[in-house]
Number of protein chains: 2
Amino acid sequence: MYNKELIKGTLQTIILKLLSEKEKMYGYEITQHVREITEGKIILTEGALYPSLHKLEAEGFLITEKVKIGKRVRKYYSLTTKGSSSAELKVNELVDFFKTMKQIITPKLSAKS
Amino acid sequence: MYNKELIKGTLQTIILKLLSEKEKMYGYEITQHVREITEGKIILTEGALYPSLHKLEAEGFLITEKVKIGKRVRKYYSLTTKGSSSAELKVNELVDFFKTMKQIITPKLSAKS
DNA sequence: CAAATATACCTAAGAAACTTATGTATTAAA
DNA sequence: TTTAATACATAAGTTTCTTAGGTATATTTG
């Protein structure tokens, strides 16, 4: 697992991006999905995920739909139009940030007169 | 400028990496250097930088050396052995984190049966 | 030469986004 | 039947920033 600080600020982007690919997902599913595709390198804690989902919903990026599975209620999230635009923006921003950071952390080939 | 949250958790890595390349630097110099190589995309605020430098020093990653420039005292920071190892570790961790994040945020080419 | 800007250090209050811990409840596996 | 997995949620505490100040010297510019 990575330095916990690194994940900060990327959680919303992760959520929005996953939902832009999968139509609708519920919280627990998101944690499992991320765990799988990152081979356990990124584990989303529920204490971080749920408040983040609620916030995105409150801000109009997500809408919810409750589905009864037996006696349990599962809460599916999906993107609004606003959420869809935001997903794209945030992913682009993140990719660009990574590029910029690499300018700092990877050795430069440039001239050293 | 990027979402301020993104920078979080990367500041220590930036500091350590720069010092692993430049032998010694002072705080203000670090802010200017980062501003230049990122073309203004990343601006380190002094309110974040100085406490971070102090912390790294307190933890034994950096040592300081005061140099008088006219009537002003400039405080140069350089890596300890511990700081040097840490620089490498943290950079590797960050690069690896970026790779893992890209698995999430970039479209996969993988089979969709 | 006076005023503004740049250089150079610093700290403190507050905000944001986490972690850790806890709670509830159903369902499946051992 | 007990444990683990599924599935939701909140709350206190921590960390790391941002924002906003403060001090002082040096340089540029009108």
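The sequence lines fix the lettering, A, B, ..., with proteins before strands; numbering per chain opens at 1. Just so you know, these numbers use all the heavy atoms, side chains as well, and skip hydrogens, waters and symmetry mates. Because the structure is predicted, anything quoted here is derived from the model rather than measured.
B/Lys55 comes within 4.0 angstrom of sugar-phosphate atoms only, judged by non-hydrogen atoms across all strands, and of no base. In this structure, B/Gly47 reaches the bases: a heavy-atom distance under 4.0 Å links it to at least one base atom across the strands shown. Nucleic acid contact for A/Glu46: base, since at least one base atom lies under 4.0 Å from a heavy atom of the residue. As judged by a 4.0 angstrom heavy-atom cut-off over every strand, A/Lys71 is placed among residues touching the sugar-phosphate backbone only.
Taking for each of A/Pro51 and B/Ile69 the nucleotide of DNA chain C with the nearest heavy atom, the 5'-most of the two is the partner of B/Ile69. Mapping A/Glu29 and B/Ala48 onto DNA chain D by nearest heavy atom places A/Glu29 at the nucleotide closer to the 5' end.
The shortest side-chain heavy-atom distance between A/Phe97 and B/Lys41 does not fall under the 4.5 Å cut-off. By the 4.5 Å heavy-atom criterion applied to side chains, B/Ile43 and B/Thr31 are not counted as neighbours. Side chains of B/Thr13 and A/Leu6 form no contact here, defined as non-hydrogen atoms less than 4.5 Å apart.
The side chain of B/His54 approaches C/dT11 more closely than any other nucleotide in the set D/dA26, C/dT11, C/dA16. Here the side chain of A/Arg72 is nearest to one of D/dT15, C/dA25, C/dC10, namely C/dA25. For B/Lys8, taking side-chain heavy atoms from C-beta onward, the closest of the listed nucleotides C/dT19, D/dT16, C/dT11 is D/dT16. Among C/dT19, D/dA7, C/dT7, the nucleotide with an atom closest to any side-chain atom of A/Ile7 is C/dT19.
The side chain of B/Tyr26 contributes no N or O atom lying less than 4.0 Å from OP1 or OP2 of C/dC9. For C/dC10, neither phosphate oxygen OP1 nor OP2 lies less than 4.0 angstrom from any side-chain nitrogen or oxygen of B/Tyr50.
A cation-pi arrangement, defined by a distance under 6.0 Å to the six-membered ring centre and an angle within 45 degrees of its axis, is present between A/Lys82 and A/Phe61.
Between A/Leu53 atom CG and D/dT10 atom C1' there is a gap of 14 Å when expressed in whole angstrom units. Going from atom CD of B/Glu57 over to atom C1' of C/dC10 covers 14 Å, rounded to whole Å. The separation between B/Ile42 atom CD1 and D/dT18 atom C1' is 16 Å, rounded to whole Å. In this structure, B/Tyr28 atom OH and D/dT25 atom C1' are separated by 13 Å, rounded to whole Å. We find that NZ of B/Lys75 is positioned 13 Å from C1' of C/dT11, with the value rounded to whole Å. Taking atom CZ of A/Arg74 as the reference point, atom C1' of C/dA25 lies 15 Å away to the nearest angstrom. A/Lys66 places its NZ atom 16 Å from the P atom of D/dA7, with the value rounded to the nearest Å. Between the CD1 atom of B/Ile30 and the C1' atom of C/dA8 there is a distance of 13 Å, given to the nearest Å.
Between A/Lys22 and A/Glu29 there is a salt bridge, with a side-chain nitrogen of the basic residue lying less than 4.0 Å from a carboxylate oxygen of the acidic one.
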